[in-house]
Amino acid sequence: QLQLVESGGGLVQPGGSLRLSCAASGFTLDAYAIGWFRQAPGKAREAVSCVSSSGGTTYYADSVKGRFAISRDNTKNAVYLQMNSLKPEDTTVYYCAAVRNLSPLFLRTRCTNGAQWDYWGQGTQVTVSS
């Protein structure tokens, strides 16, 4: 069964940090660009950050630039989202997604439109609250 599984969410105080992980089951991620998205109830899905298959190209939403960092370890078949200086408005469910053979030239566009991703995880809840 081909699936993505997110982990690492939880409750953290404002200003705190979390590291989300996205692991693949049933396939290897090295040919896939990976994206992190979030969606609050009643709101549209928002791209948070994306990384090309090689890790050489990244995209960050303006709202998380300087606070979040995406990375990947293809030897561990996983992608990470390090989230620092968390704010209450970062509270929501975070999803990872994978798309195969995406040129880095199109990473930003595919990330921001959130469409045509091959696999999606089930999500992990992040709550930032004192």
Side-chain angles (χ1 to χ4, degrees):
Q1 185 178 2
L2 308 181
Q3 60 179 354
L4 295 172
V5 179
E6 303 93 338
S7 61
L11 173 64
V12 63
Q13 292 186 342
S17 298
L18 285 173
R19 189 176 84 151
L20 304 184
S21 298
C22 174
S25 176
F27 65 107
T28 56
L29 290 178
D30 54 358
Y32 289 79
I34 303 298
W36 284 99
F37 300 84
R38 62 189 183 186
Q39 186 169 21
K43 293 189 176 181
R45 185 169 57 205
E46 174 189 17
V48 176
S49 181
C50 295
V51 62
S52 61
S53 57
S54 69
T57 302
T58 57
Y59 164 83
Y60 294 95
D62 288 342
S63 58
V64 306
K65 277 182 183 176
R67 301 190 297 124
F68 291 11
I70 193 169
S71 62
R72 63 188 302 154
D73 186 342
N74 287 342
T75 65
K76 295 183 178 179
N77 212 28
V79 175
Y80 309 99
L81 185 68
Q82 178 67 43
M83 306 188 297
N84 300 324
S85 302
L86 282 161
K87 304 175 181 180
E89 51 263 43
D90 295 318
T91 295
T92 189
V93 180
Y94 286 71
Y95 302 87
C96 67
V99 60
R100 184 177 175 85
N101 292 339
L102 179 68
S103 168
L105 296 175
F106 302 120
L107 181 71
R108 178 188 177 95
T109 299
R110 189 66 66 93
C111 195
T112 54
N113 70 26
Q116 297 180 302
W117 290 80
D118 297 331
Y119 302 105
W120 288 87
Q122 293 300 306
T124 185
Q125 175 71 43
V126 171
T127 302
V128 185
S129 174
S130 55

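Position 1 is the first residue of the sequence; numbering continues from there.
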(message) If we check side-chain contact (heavy atoms from CB on, under 4.5 Å) with Thr127, which of these qualifies: Leu11, Val93, Leu18?
(response)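 By the side-chain contact (heavy atoms from CB on, under 4.5 Å) criterion, Thr127 pairs with just one of Leu11, Val93, Leu18: Leu11.
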Is there a chain of hydrophobic side chains (I, L, V, M, F, W, Y, each step under 4.5 Å between heavy atoms) that links [X] to [Y]?
X      : Y      : result
Val79  : Tyr119 : yes
Tyr95  : Val99  : yes
Val126 : Leu81  : yes
Leu2   : Trp120 : no
Val51  : Val48  : yes

Testing the basics here: between [X] and [Y], what is the closest heavy-atom pair and its distance to 0.1 Å?
X     : Y      : answer
Trp36 : Cys22  : CZ2-CB, 3.5 Å
Ala61 : Ala47  : CB-O, 3.3 Å
Thr57 : Pro104 : OG1-CB, 3.5 Å

Under 3.5 Å: donor-acceptor pair, side chain of [X], backbone of [Y]:
X      : Y      : result
Arg110 : Leu102 : no
Arg72  : Gly55  : no
Thr91  : Val128 : yes
Asn84  : Ser17  : no
Glu6   : Cys96  : yes
Tyr60  : Ile70  : yes
Asn77  : Phe27  : yes

Roughly how far, to the nearest 0.5 Å, is [atom2] of [Y] from [atom1] of [X]?
X     : Y      : atom1 : atom2 : answer
Leu86 : Arg67  : CG    : CZ    : 6.5 Å
Asn74 : Thr28  : CG    : OG1   : 8.5 Å
Arg38 : Thr124 : CZ    : OG1   : 14.0 Å
Ser54 : Asp30  : OG    : CG    : 11.0 Å
Ile34 : Cys50  : CD1   : SG    : 9.0 Å
Glu46 : Thr92  : CD    : OG1   : 8.5 Å

(request) Check the pair Trp117 / Phe37 against ring-ring contact (aromatic ring centres under 6.0 Å, His included), numbers first and verdict last. (result) CA-CA 11 Å; Trp117 290 80; Phe37 300 84; 5.3 Å; yes
(request) Begin from the C-alpha positions of Ser21 and Tyr80 and carry the test side-chain contact (heavy atoms from CB on, under 4.5 Å) through to its verdict. (result) CA-CA 5 Å; Ser21 298; Tyr80 309 99; 3.3 Å; yes
(request) Classify the ring geometry between Phe68 and Tyr94 as parallel (under 30°), tilted (30 to 60°) or perpendicular (over 60°). (result)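 Taking Tyr94 first and then Phe68, their aromatic rings sit tilted (interplane angle of 30° to 60°).
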(request) Would you indicate whether Gln122, at its atom CD, is surrounded by more than 12 heavy atoms from other residues, nucleotides or ligands within a distance under 6.0 Å? (result)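 Not buried by this count: 12 neighbours or fewer within 6.0 Å.
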(message) Taking the six-membered ring of Tyr59 as reference, does the cationic atom of Arg108 (NZ for Lys, CZ for Arg) lie under 6.0 Å from its centre and within 45° of its axis?
(response)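 Negative - Arg108 is either too far from the ring of Tyr59 or too far off its axis.
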(message) Assess the residue pair Asp62 and Lys65 against the criterion (salt bridge (charged side-chain N to carboxylate O under 4.0 Å, His left out)); give the C-alpha distance rounded to whole Å, side-chain angles, the decisive distance to 0.1 Å, and a yes or no.
(response) CA-CA 5 Å; Asp62 288 342; Lys65 277 182 183 176; 3.2 Å; yes
